[in-house]
Asks: 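Pasting a structure below so you can have a look.
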Amino acid sequence: LKKITNYLEDMQNPFLRSFFGRKWDGLCIIDKGLNIIFTNKIIEDWNSDKDSFVGEKCFSTFQNLTEPCNDCPAITAIKTERPAKKRLFCTTAKNQQLVLEVKAYPLKNEDGTVGGVVEYVRNMTEEISAQKELEESRQRNQAMLEAHPDLMFVFDKESRIIDYSTASIGQLLLPPQQFLQRKVTDTLPHDLAMLTINKVNLVFTNNQVVTYEYELDTQNGKRYYESRLSLLGEEKVLSIVRDITDRKISELHFRDLRNRSSRQKLAITKMVLDKKINLAKDKAESFNFLTEILAEALEVHTPSIWLNE
């Protein structure tokens, strides 16, 4: 400890000047009484604009305390003669909220007794904040995935299915072990596999969102799906698959009703223009003709109806 202190007093030793003066981590030397012997520039910048903290108590200068902090790593290292570590949440003299990881290493005197410690201090504030944001994002994404009713698949550039997410295994056409890490040509019907490969390649080529619809025969009958593809990083494509069967059936039903309505309008026009419709002369023949035209328009089988006077 004495030799290091002597070196630090004039800081003529190039190695020590370089090692202790580096600015990306904090370094300081504290004696057995927790008095500061040396600090590098980064620790000085964290705490105040003073040029030197030599002779001051570390807990007072660094944490604005009147006594050592609980589980002080410096005290632990001095007592056990072994390295000690602790994470500190502190407010500096500049009113900065910092998370510091302090590692204290015992320094021995020439007689073998511990005379102090050298502390390596790492500012973990931004890292902890980033980790917290990352974890919150992961939890948020996980919650969204768990609450999402749709299927999700991840494809690589070979159109291989490398990951998936589903709210229910029952939504899957095959068990995961039968499609994971396999190409779509090995798992999907040929036409659908070719369509999928084409759309995945389109996303990689143009870096754009691609949406398409398809139908698939399942154990529950024919189902209709919409797949929305988007780039996931540089090497993957994310596919969000939504079951649109109910919507598709409604659309088909509406289309059928619309076609029937058109046919009915054509039938009525035909009746109005056709000279055979003359209820004043032959009610039975006119009614029968009317019935046949409506039956054709409605696509139902209706027997001829004759009226007898």
Asks: Distance from Thr113 atom OG1 to Ile78 atom CD1, nearest 0.5 Å?
Replies: 11.0 Å
Asks: Answer yes or no: are there more than 12 heavy-atom neighbours, outside Gln208 itself, under 6.0 Å from its atom CD?
Replies: yes
Asks: Using the rule that Ile, Leu, Val, Met, Phe, Trp and Tyr join whenever any side-chain heavy atoms are under 4.5 Å apart, tell me whether Phe155 and Leu174 fall into a single cluster.
Replies: yes
Asks: Does NZ in Lys236 sit with more than 12 non-hydrogen atoms of other residues, nucleotides or ligands closer than 6.0 Å?
Replies: no
Asks: Heavy-atom distance under 4.5 Å between the side chains of Leu100 and Arg87, does that happen here?
Replies: no
Asks: Given side chains that start at C-beta, do those of Arg122 and Lys103 come closer than 4.5 Å, heavy atoms only?
Replies: no
Asks: I'd like to know if Glu215 and Lys248 make a salt bridge, using a cut-off of under 4.0 Å between side-chain N and carboxylate O.
Replies: no
Asks: Taking side-chain hydrogen bond (donor to acceptor under 3.5 Å, both in side chains) as the test, write out the residues that go with Asn70, two or more places apart.
Replies: none
Asks: Could you check Arg247, Lys199, Arg228, Arg242 and say which one makes a salt bridge (Lys or Arg N to Asp or Glu O under 4.0 Å) with Glu213?
Replies: Arg247
Asks: Below 3.5 Å, can you tabulate the donor-acceptor pairs from side chains in residues 175-186 to any protein atom, sequence neighbours excluded?
Replies:
from, atom 1, to, atom 2, distance (Å)
Gln181, NE2, Ile162, O, 3.4
Arg182, NH1, Gln178, O, 3.0

Asks: Let me check something: do Leu107 and Tyr120 share a hydrophobic cluster, defined by ILVMFWY side-chain heavy atoms less than 4.5 Å apart, either directly or through other members?
Replies: yes
Asks: Please identify each residue that fulfils side-chain hydrogen bond (donor to acceptor under 3.5 Å, both in side chains) with Thr76, with sequence neighbours left out.
Replies: none
